[in-house]
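Below you'll find the structure, written out as structure tokens, and then a few comments.
Only heavy atoms go into these numbers, but all of them, side chains included; no hydrogens, no water, no symmetry mates. Remember, it's a predicted structure, so these values are computed and weren't measured experimentally. Quick note on labels: first sequence line is chain A, next is B, and so on, each numbered from 1.
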Amino acid sequence: MFKILFDRDTWQEIFGSIQKNRLRTIVTVVGVLWGIFIFITLSGAAKGLDNGFDRQFQNVAINSMFLWAQTTSIPYNGFKTGRSLQLKLEDAQFLNNRIAELQYIAPRNAIGVFGSSAPSVVRNNKGGNYSIYGDYPIFTKIATKYIYDGGRFINQADIDQVRKVCVIGERTQSELFEEDENPIGDYIRISGVYFQVIGVHKFVPGGGFESDSDIFIPFTTFRNLYNTGDNVSWFALAAYDDADILSVEEDVKNAMRVKYNVHPKDERAFGSFNLGEIFNRVIGFSKGMNLLSLVVGIATILAGIIGIGNILLISVRERTKELGIRRALGATPNEVRSQIILESIFLSVSSGIMGIVLGSFVLAIINALTANNSTFPYTNPTVPLTYVAGALLLMVTLGTLIGLIPAQRAVSVKPIDALREE
Amino acid sequence: MIQLNNIHKSYNLKTNPLHVLKGINLSIEEGEMVAIMGASGSGKSTLLNILGMLDEADSGTYTLDDTPIVQLSETKAAQYRNKFLGFVFQSFNLISYKTALENVSLPLYYQKIPRKERLIKAKENLDKVGLGERIDHVPSELSGGEKQRVAIARALASEPKVLLADEPTGALDTKTSYDLMALIQEINEQGKTMVVITHEHDIANMCKRIVHLRDGVIVEDKKIKQVKAKDHVE
């Protein structure tokens, strides 16, 4: 068998019969090429999505969560059900003391999110409504904020001195400032109070609800501006890397239930949002995409290979006479059979390789197009070599198997009947 | 060279079995040139197919060059065909996408003869049939007579013991037929055993012996004085 593979004559025979029917060959090749092309492109795209998610999550501490207060759902300790709860600034210290796994705790206040109307922000004759966040500098430890050159995020001095400074978003900048203006140092009016712009943050989507128009001001300034006292809208919490965020989440809520006199089983009193969990879900999603692309790809390859089998069946029929002549001249059934099978394998593999090349080409184009787009979760689409090798192996195997059908058909006709056919 | 003993062959058609060969006894010596004649349906093609191991007899014995031809597997039959027999068909049966040279070297390919040697041999055989100049032409570029010459060259290439020709001149005009018969006679003169199936008397008369078939039996088997085809060609 191996001798046949490396025999120049074998290939001459194969090329001869392939060239004889160019159209048929091309159609066949396109079928398989398409299959493997889909396979490569899909699995590359899935990988690109995977990498893209990875990149997006690198800006957020994976081991982080949000905590907010809701209303109780179970009467407890003399309190009726339906009591509204309000987080307080002191809870930060409380949680820090109670739960050792917590690395950072950032209290946040916000207006213009979760249904409250966004305050109006005005500069000269331009204006808009934007969400305002009251933040501590520690927040950047939990969610990285990229600030454009020349600017900075809120610092401790801003907090201490209750400065009226703000960090604005890219969109805010484009809507309030002219293109050639440098917003840093300039003033905008938030809810009627002038704020100096100290930085422009680059929007990084990170699975949250934030947008490219958010304005960050010091927590203390926010408190004064909107009269929120010690109220906190929610806490952003980050646990140490080796901590299990799910158990930390439970611990935090349990501690809060104790502190606020909430029934230990009251699941609705405090809401939380666990990025680790979301992250796992996204990973699961991209794993699912991977599987899907694998299944779809293999199914398409299968369809292509079946196409090869089908076309070879027709071609064997067309060539009944030729095969009859060959057998009259002394070709043994095995020789005829292996020729047909080799044709099948050759067609599968060569079109497969073309598909791989084409697929990689398309992936490269997509990569080039999305390379500078940071909002699109798509980075470096690659196909693992094992997939490529696996696909080729699959093609050889299936090519052989499917080739067996026309090959058997070719030898099942007696040479005499084959010759008689006009 | 060839011994046929009481060969029977019938085909099972839908309604009733058709008894085509009803006990054929035939012995052909080496170097003979035998014409098998008969009307259509007389069984001459069936006989040739049995001789060519393309078909198997129901009963009787067939010995070819002292080798009994019985119960052949497809593979064995293919090997024997390659080793013992050369075929020339009425419709030439050349492979259309191969050049004359490739067509002639095909049986040698199946004999596993190395490529170089194969091409030399094929060339020699094409020279022998007078087509040395046309080796790179595909069949569609050749005339009917030339195609049949290529077919003869191909049949000779494997150096068979017997050349079986089924109506070799059936698709050719008279002049070309005689040219071709002259070639076949020449090959026969060199010692090759020939069996020619024909229904044309003038072609049959160019052989050395005529076997007449009718309804599956040999009705006449006579040696004749061979007419030289060369004499009829200007």
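- No more than 12 heavy atoms of other residues, nucleotides or ligands shown are found within 6.0 angstrom of CG on A:Leu385.
- Summarising the local packing, OH of B:Tyr11 is surrounded by more than 12 heavy atoms from other residues, nucleotides or ligands at distances under 6.0 Å.
- Other residues, nucleotides and ligands place no more than 12 heavy atoms under 6.0 Å from the CD atom of B:Glu30.
- When heavy atoms are compared at a cutoff of 4.5 Å, B:Phe89 approaches chain A solely by way of its side chain, counted from C-beta outward.
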Mind running side-chain contact (heavy atoms from CB on, under 4.5 Å) on B:Arg81 and A:Leu329 for me, showing each step along the way?
CA-CA 7 Å; B:Arg81 278 198 291 270; A:Leu329 293 178; over 6 Å; no
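- Put simply, the side chain of A:Ile325 reaches to within 4.5 Å of the side chain of B:Arg154, judged on heavy atoms.
- Only the side chain of B:Lys98 comes within less than 4.5 Å of a heavy atom in chain A; its backbone stays farther off.
- Separation of atoms CZ (A:Arg327) and CG (B:Asn82) is listed at 13.5 Å; rounding is to 0.5 Å.
- Using a 4.5 Å cut-off between heavy atoms, B:Leu94 contacts chain A through its backbone alone, with no side-chain atom that close.
- In terms of heavy atoms, A:Ala331 sits closest to B:Ala78 at O-CB, 3.4 Å.
- Around the NZ atom of B:Lys161, the shell of radius 6.0 Å holds no more than 12 heavy atoms that belong to other residues, nucleotides or ligands.
- By the 6.0 Å contact criterion, NZ on B:Lys147 is enclosed, its count of non-hydrogen atoms from other residues, nucleotides or ligands being greater than 12.
- Between B:Asn93 and A:Glu322 the shortest side-chain heavy-atom distance does not fall below 4.5 Å.
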Kindly determine whether A:Thr332 and B:Glu74 satisfy side-chain contact (heavy atoms from CB on, under 4.5 Å), including the steps that lead there.
CA-CA 7 Å; A:Thr332 62; B:Glu74 277 288 350; over 6 Å; no
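- Enclosure of atom CZ in A:Arg337 by more than 12 non-hydrogen atoms of other residues, nucleotides or ligands within 6.0 angstrom is indicated.
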Decide side-chain contact (heavy atoms from CB on, under 4.5 Å) for B:Ser96 and A:Lys321; before the verdict, give the C-alpha distance in whole Å, the side-chain angles of both, and the deciding distance to 0.1 Å.
CA-CA 11 Å; B:Ser96 58; A:Lys321 182 153 190 185; over 6 Å; no
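- Neither the backbone nor the side chain of B:Ser73 comes within less than 4.5 Å of any heavy atom of chain A.
- Heavy-atom neighbours of B:Gln190 CD from other residues, nucleotides or ligands within 6.0 Å: above the threshold of 12.
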